[in-house]
Structure formats: structure tokens, C-alpha cells
Amino acid sequence: MHLDLEWVSKVRVNTQAVLKRAQQIQGRKVAKKQWQAAWLLKALTCIDLTTLAGDDTPSNVHRLCMKATQPMRHDLLKSMDMHGKGITTAAVCVYPSRVSDAVKSLKAANSSLPVASVATGFPAGQTPLKTRLEEVSIAVEDGATEIDIVINRTLALTGQWAALYDEIKQFREACGDAHMKTILAVGELGTFTNVYKASLVSMMAGSDFIKTSTGKESVNATYPVAVVMVRAIRDYYLKTGHKVGFKPAGGIRTAQESLVWLTLMKEELGDDWLNPHLFRLGASSLLADIERQIYHYVTGRYPAYHELPMA
């Protein structure tokens, strides 16, 4: 879609209404017993299992990939009659320099799991545009089929929406066939109105997903900000007929939280968005808690940590 500056300029977000709606969603009673177990398995299949650490090595990326292809102990799945159903996480997410390691590990495991890579000067987005574009191209060349780009916050904070649109459009071209997830870094955008405008501009420029955070800001995925972003997705869909995905990331650690996120998606966007094609959870430690809760559901007790190894 072309940039519709008139639409962007008219945006006003009612802060009190957003906070009230977010509170309502958090206050919902969550499903129990087998229904909860089913929802947790759904959440598991939407996780982008992520490692973005300075000490990432080929071996810990390999372990992450193995965990992504078999995220739940076989005996637990079997007792729920879910073995052989091909349950995996949605993708593996790594730095550009680790993409080839991930691709190699997944290929060796005969897995077609997508490899996602952060790019464009992650997490600050403060490197020159030429370098950011090159980073996207390198990650794609190395086999990444999803690219998580970061926007230039300066352009959003100073209201340079046309310039932001042009940059994201260039990233879109550099991605080629790879899916593009656009990280807004909501903790650094100041206002809900800015978050909504950045969401719109990102979608107009061709983003397949919009994502809350890098996980490196002081404020990451919060429910109020998610309400603003999913409303932007809904408005965009109603106006264009085009469905854009949503990815909260940063600080999502518990199984309970993953249920709230699924509730938010179901209530705000409907069942169509309750699958990995349109919903992802960016997380590194969430999977461990989901596996722990499923273990409790199956056995009636919580496991010791050594009973659920990383891989």
C-alpha cells in the first residue's frame, strides 16, 4: 500500500480506554485442566525460540534448534495423545552471524523450521542505512526466511513518517521472499499515538508482522501497547483486506502470560490470528515454563529442573 499520510495524521489514541481494555483482558479467567493444556500447546507452536546473547556459539544455537524441533518431551505428548502431530515451535531466532549455524543444524535434523534473524542494526537501529540494508541481505543469503527489522526511532519520534516509510520499504525489498517482522521498540516511542502511527506506517510499507520490542529496552511487551498495535492491525485489515501478524516480545516468561496473550488475540482479532502465520511470541525462557505446566498437568507434580533439559 502507498503511504496514506492523511490517515496517519488523523490518529488519536484514547489512553484511558486503552488502559481499561488491557485491564479487562488481564482480568479474564483462564481455562483450566485439559483446556489449559490445549491452549498452552497452542502457545508453544507460536513461539519464536530466541537466543540473542553476546556469547552465542554454534553449539548453543544447535541446542536451541534441537529444542525447537522437539520442544516437549515425547512421553508428555504421548500421554496427551499429541505425539506424532509434528508439534514444534514456530521458528528459531538468532543474530545474522549465527543464521548459517541454525540453518545447518535444522538441515541435519531434517527440519523445515524457519530461521528468523534480527537485522538492521539491532537493537538500537542506529547504524547507517547502507549497513542496515546489507545486514538484511547477508542474513537472507545465509538462509534466513524471516527477518526481524528494527525501525529508526528517531524518525518516529520526530514525526518523519514519509522517511520512515521509505526506509521500511527498502528493508522490504532487501528481504525478498523472506517474511519481514518490523520491531517498533514501543518502550522508546513515547506515546500510544506514536505507537499506532508507527504500526500503520510499518504495515503500509509492507511488513508481514509488527512486533513490540527488541527485548533490550527498559519497557518491552505490555498489554496496553499490544491493544494499540492490534487495533491498528484490525483497522488496517478493515480498510485494506490485508492481514498483518502480531508479535509481542521481551519479558514474556510464564505460561500464564502466554494464555493472556492468546486471549488478547482471540478477543481483539479473532480465531484467524490464533496461529503461527499471524501470531508469534518472541521468547527465550517461556518454553521451559510451558513444558513445566504440561508436566504438572500430566503427572500431577512439578518437575525438578534436570527433568526438563534444554535439549
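Position 1 is the first residue of the sequence; numbering continues from there. What's counted below: heavy atoms across the whole structure, side chains too, no hydrogens, waters or symmetry copies.
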With side chain to side chain contact (heavy atoms under 4.5 Å, CB included) as the criterion, how do Trp39 and Ile290 come out once you've worked through the C-alpha distance, each side chain's angles and the decisive distance to 0.1 Å?
CA-CA 10 Å; Trp39 277 96; Ile290 289 180; over 6 Å; no

What do the steps show when you test Leu155 against Glu167 for side chain to side chain contact (heavy atoms under 4.5 Å, CB included), and what is the final call?
CA-CA 10 Å; Leu155 297 178; Glu167 276 202 2; 3.9 Å; yes

Side chain to side chain contact (heavy atoms under 4.5 Å, CB included) between Asn220 and Thr212, worked out
CA-CA 7 Å; Asn220 294 293; Thr212 59; 5.7 Å; no

Could you go step by step and tell me if Ile183 and Ile149 meet the side chain to side chain contact (heavy atoms under 4.5 Å, CB included) rule?
CA-CA 6 Å; Ile183 307 170; Ile149 68 159; over 6 Å; no

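Here the CH2-CD1 distance, from Trp161 to Ile168, works out to 9.0 Å after rounding to the nearest 0.5 Å. Note that the CG atom of Leu164 and the CZ atom of Arg153 stand 11.0 Å from one another [nearest 0.5 Å]. Interatomic distance, Gln36 CD to Ile294 CD1, rounded to the nearest 0.5 Å: 8.5 Å. Atom CG in Leu200 sits 10.0 Å away from atom NZ in Lys197 (nearest 0.5 Å). Between the CG atom in Leu259 and the CG atom in Leu40 there is a gap of 4.5 Å [rounded to 0.5 Å]. Taking NZ from Lys67 and OG1 from Thr89, the interatomic distance works out to 10.5 Å, rounded to the nearest 0.5 Å.
The shortest side-chain heavy-atom distance between Asp148 and Met180 does not fall under the 4.5 Å cut-off. Contact check for Ile151 versus Ser202: side-chain heavy atoms found under the 4.5 Å cut-off. At a threshold of 4.5 Å between non-hydrogen side-chain atoms, the residues Val94 and Thr51 count as touching. Contact of the Thr240 side chain with the Met203 side chain is not registered, since no non-hydrogen atoms from C-beta on lie closer than 4.5 Å. Met229 places a side-chain heavy atom less than 4.5 Å from the side chain of Phe246. The closest side-chain heavy-atom distance from Tyr223 to Glu257 is below 4.5 Å. You'll find the side chain of Val8 stays beyond 4.5 Å of the side chain of Tyr196, heavy atoms only. Using a 4.5 Å heavy-atom cutoff, the side chains of Leu184 and Lys211 are not in contact.
Under the 6.0 Å cut-off for aromatic ring centres, Trp261 and Phe279 do not qualify, their centroids lying 6.0 Å or more apart. A ring-centre distance under 6.0 Å is not found for Tyr297 and Trp35.
Taking every heavy atom of both residues into account, Pro96 and Ala139 meet most closely at CB-CB, 4.4 Å. Shortest non-hydrogen contact noted between Lys216 and Thr214 is N-OG1, 2.9 Å. Residues Val140 and Ala178 share a closest heavy-atom pair of CG2-CB, 4.2 Å. In plain terms, the two heavy atoms of Val92 and Ala68 that are nearest each other are CG2-CB, 3.5 Å. Between Leu113 and Ala91, the shortest heavy-atom distance links the atoms CG-CA, 4.2 Å. The two residues Asn194 and Ala156 have their closest heavy-atom pair at OD1-O, 3.9 Å.
No more than 12 heavy atoms of other residues, nucleotides or ligands shown are found within 6.0 angstrom of NZ on Lys104. Remark: Glu6 CD is loosely packed, at most 12 non-hydrogen atoms of other residues, nucleotides or ligands lying under 6.0 Å away. By the 6.0 Å contact criterion, NZ on Lys169 is enclosed, its count of non-hydrogen atoms from other residues, nucleotides or ligands being greater than 12. Crowding of Lys78 atom NZ: a count of heavy atoms from other residues, nucleotides or ligands under 6.0 Å not exceeding 12. For Arg28, the CZ atom is densely surrounded, since the number of other residues' heavy atoms within 6.0 Å is greater than 12. The number of heavy atoms from other shown groups lying within 6.0 Å of NZ (Lys85) is above 12.
In this structure a side-chain-to-backbone donor-acceptor pair under 3.5 Å is present from Thr120 to Val150. Under the 3.5 Å distance criterion, the side-chain polar atoms of Ser111 are left unmatched by any main-chain donor or acceptor of Lys107. Side chain of Ser105 to main chain of Ala102: no donor-acceptor pair is present (N/O by atom type, distance under 3.5 Å, no hydrogens or angles). Distance alone, capped at 3.5 Å, is enough to place a donor-acceptor pair between the Arg280 side chain and the Pro276 backbone. Distance alone, capped at 3.5 Å, places no donor-acceptor pair between the Thr131 side chain and the Thr127 backbone. Checked by atom type and distance alone, the side chain of Asn60 pairs as donor or acceptor with a backbone atom of Thr57 at under 3.5 Å. Here the side chain of Asp142 pairs no donor or acceptor atom with the backbone of Ser100 at under 3.5 angstrom. At distances below 3.5 Å, not a single donor-acceptor pair connects side-chain atoms of Lys181 with backbone N or O atoms of Lys247. Side-chain N or O atoms of Glu135 include one that pairs as donor or acceptor with a backbone N or O of Gly121 at under 3.5 Å. Using modelled atom types, no side-chain atom of Ser213 and backbone atom of Gly215 make a donor-acceptor pair closer than 3.5 Å.
Side-chain contact check for Thr193 and Thr191: no donor-acceptor pair (N or O, by modelled atom type) lies under 3.5 Å. Side-chain N/O atoms of Ser207 and Thr182 include a donor and acceptor closer than 3.5 Å. Judged by distance alone, the side chains of Thr254 and Asp289 never bring a donor and an acceptor atom under 3.5 Å apart.
There is no path of hydrophobic side-chain contacts, each under 4.5 Å, that joins Leu52 to Val219. Under the 4.5 Å side-chain contact rule for hydrophobic residues, Val30 and Leu286 share a cluster. In terms of hydrophobic clustering, with Ile, Leu, Val, Met, Phe, Trp and Tyr side chains grouped at heavy-atom distances under 4.5 Å, Val186 and Ile210 are assigned to a common cluster. Side-chain heavy atoms closer than 4.5 Å link hydrophobic residues (I, L, V, M, F, W, Y) into clusters, and following such links, possibly through other members, connects Leu281 to Leu64. Grouping the Ile, Leu, Val, Met, Phe, Trp and Tyr side chains by contacts below 4.5 angstrom, directly or via other members, places Met204 with Leu5.
Between Arg21 and Glu267 there is a salt bridge, with a side-chain nitrogen of the basic residue lying less than 4.0 Å from a carboxylate oxygen of the acidic one. Salt-bridge check for Arg73 with Glu291: failed, with every basic side-chain N at 4.0 Å or more from each acidic carboxylate O. Comment: Arg301 engages Glu307 in a salt bridge, judged by a side-chain N to carboxylate O separation of less than 4.0 angstrom.
Annotation: cation-pi pair Arg292/Tyr302 present, NZ/CZ under 6.0 Å from the ring centroid and within 45° of its normal. Relative to the six-membered ring of Trp273, Lys243 meets both conditions, a distance below 6.0 Å and an angle of at most 45° to the axis.
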